[in-house]
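Scroll down for the structure; my scribbles are underneath it.
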There are 2 protein chains.
Amino acid sequence: MPDTLSQTFSALADPTRRAMLARLSKGRANVSDLARPFLREMSLPAVTKHLKVLEKAGLVTKTREAQRRPCALNSRPLKDAAAWMEHYRQFWEESLDRLDAYLKTVTAKQKAQGKKRGRQS
Amino acid sequence: MPDTLSQTFSALADPTRRAMLARLSKGRANVSDLARPFLREMSLPAVTKHLKVLEKAGLVTKTREAQRRPCALNSRPLKDAAAWMEHYRQFWEESLDRLDAYLKTVTAKQKAQGKKRGRQS
DNA sequence: CGGTTAATTAACTTTATGGTTAAATATAGG
DNA sequence: CCTATATTTAACCATAAAGTTAATTAACCG
């Protein structure tokens with residue numbers, strides 16, 4: 001599936017890759033910098049592969065500098081993915097809305113009742 | 001990888017599953033409702049499998065009602081995923097900042113130069 | 001040139017994904 | 001009980017993903 005959103009989400013669906021993005025969010029880093037935290041868990045080629053997934057998804061841009069390959073975060077796909085999620089925001093805020101609505105009916109009733117009772121915690 | 005974020009992103013990394021979520025965002029639907037738009041592209045069992053992925057990721061809640069299995073959207077994992085993305089917001093807003101900064105220097109220079117030239121395309 | 005550092009490619013293995021068809025299960029209803 | 005509807009399970013296949021080790025490429029440096 002070559003659609004962009006799928007590629008983006010797919011690239012994000014791995015903790016190693018997310019950690020690499022987190023590292024890049026603190027500044028450029030070349031491959032071995034990015035690899036260092038993971039070299040006890042996996043080999044360098046494995047990291048190269050993860051990086052390639054991030055590149056193909058357009059989340060990372062790799063440049064050349066002598067033997068180094070400095071990488072940088074490219075947030076455009078993240079922006080698009082976040083925009084997709086935005087459609088659903090109402091759903092995770094809904095519970096708050098419901099609480100809000102509930103509180104309004106409660107206070108409305110209290111007003112209708114007059115000031116029989118004091119405020120509750 | 002049983003970590004929640006990975007499961008969420010992984011579940012989102014498929015257009016069929018995203019479409020199913022979109023459908024559920026418009027209200028409850030049972031399996032055959034969810035399947036209908038895809039039955040020319042894939043079989044019912046394939047849909048069941050996608051649904052299972054969404055369930056395991058906690059994005060969909062399936063209940064029972066006679067032979068039907070009404071499904072509902074559960075946005076909690078989306079909320080968490082969106083929260084993760086939020087860390088990167090500054091990066092996709094940064095380019096605007098840079099453009100902004102650039103435009104400011106440009107207009108500053110134009111002012112400094114006086115009105116020697118007209119606007120460029 | 002020859003060695004060292006940085007990163008990639010090749011070849012291969014294992015496991016996960018996404019799909020198929022055919023059979024099974026669950027429930028309503030005559 | 002029998003049948004139709006709704007959905008799942010089983011068994012299987014093809015391809016992709018994630019990792020490995022060993023070999024290769026690229027560039028600097030003395």
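Chain A is the first sequence line, chain B the second, and so forth, proteins listed ahead of strands; every chain is numbered from 1.
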Please determine if a side-chain N or O atom of [X] lies less than 4.0 Å away from the OP1 or OP2 oxygen of [N].
{"X": "A:Lys52", "N": "C:dT9", "value": "yes"}
{"X": "B:Thr48", "N": "D:dT8", "value": "yes"}
{"X": "A:Ser43", "N": "D:dT20", "value": "yes"}

Between atom [atom1] in [X] and atom [atom2] in [N], what is the gap in whole Å?
{"X": "A:Leu54", "N": "C:dA7", "atom1": "CG", "atom2": "P", "value": "15 Å"}
{"X": "B:Asp14", "N": "C:dG19", "atom1": "CG", "atom2": "P", "value": "6 Å"}
{"X": "A:Leu44", "N": "D:dA22", "atom1": "CG", "atom2": "C1'", "value": "14 Å"}
{"X": "A:His50", "N": "C:dT8", "atom1": "NE2", "atom2": "C1'", "value": "16 Å"}
{"X": "B:Leu12", "N": "C:dT17", "atom1": "CG", "atom2": "P", "value": "14 Å"}
{"X": "B:Arg69", "N": "C:dT25", "atom1": "CZ", "atom2": "P", "value": "14 Å"}
{"X": "A:Lys49", "N": "C:dT14", "atom1": "NZ", "atom2": "C1'", "value": "12 Å"}
{"X": "B:Lys62", "N": "C:dA26", "atom1": "NZ", "atom2": "C1'", "value": "14 Å"}

Review point. So which one's nearest nucleotide on DNA chain D is more toward 5', A:Ala46 or A:Glu65?
Key: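 Result of the comparison: A:Ala46.
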
**Study point:** First encountered from the 5' end of DNA chain D, between A:Arg17 and A:Pro45
**Key:**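 Looking at the nearest nucleotide for each, A:Arg17 comes out on the 5' side.
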
Lys/Arg-Asp/Glu bridge criterion (N-O < 4.0 Å) met for [X], [Y]:
{"X": "A:Arg69", "Y": "A:Glu65", "value": "no"}
{"X": "B:Lys52", "Y": "B:Glu55", "value": "no"}
{"X": "B:Asp3", "Y": "A:Arg18", "value": "yes"}

Practice item. Count the heavy atoms of every other residue, nucleotide or ligand shown that sit under 6.0 Å from CZ of B:Arg76, and state whether that count exceeds 12. Key: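 No, not enclosed.
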
Practice item. Using a cut-off of 6.0 Å, state whether more than 12 heavy atoms not belonging to B:Lys56 lie near its atom NZ. Key: no

Exercise for review: Using the six-membered ring wherever Trp is involved, compare the ring planes of A:Phe9 and B:Phe9 and label them parallel, tilted or perpendicular (cut-offs 30° and 60°).
Suggested key: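 Taking B:Phe9 first and then A:Phe9, their aromatic rings lie parallel (interplane angle under 30°).
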
**Study point:** Sorted by number, the residues of residues 19-39 of chain A with heavy-atom contact under 4.0 Å to DNA chain D
**Key:**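 Correct list: empty, so none.
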
Exercise for review: Measure from the side-chain heavy atoms of B:Arg68 and tell me the nearest of D:dT7, C:dG19, D:dG19.
Suggested key: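 The answer is D:dT7, which lies nearest to the side chain.
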
Practice item. Ignoring the backbone of A:Met42, work out which of D:dT5, D:dC28, D:dG19 is nearest its side chain. Key: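 Taking heavy atoms from C-beta onward, the closest nucleotide is D:dG19.
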
**Study point:** For A:Met20, the option from A:Val53, A:Val47, A:Val31 that meets side-chain contact (heavy atoms from CB on, under 4.5 Å)
**Key:** A:Val47

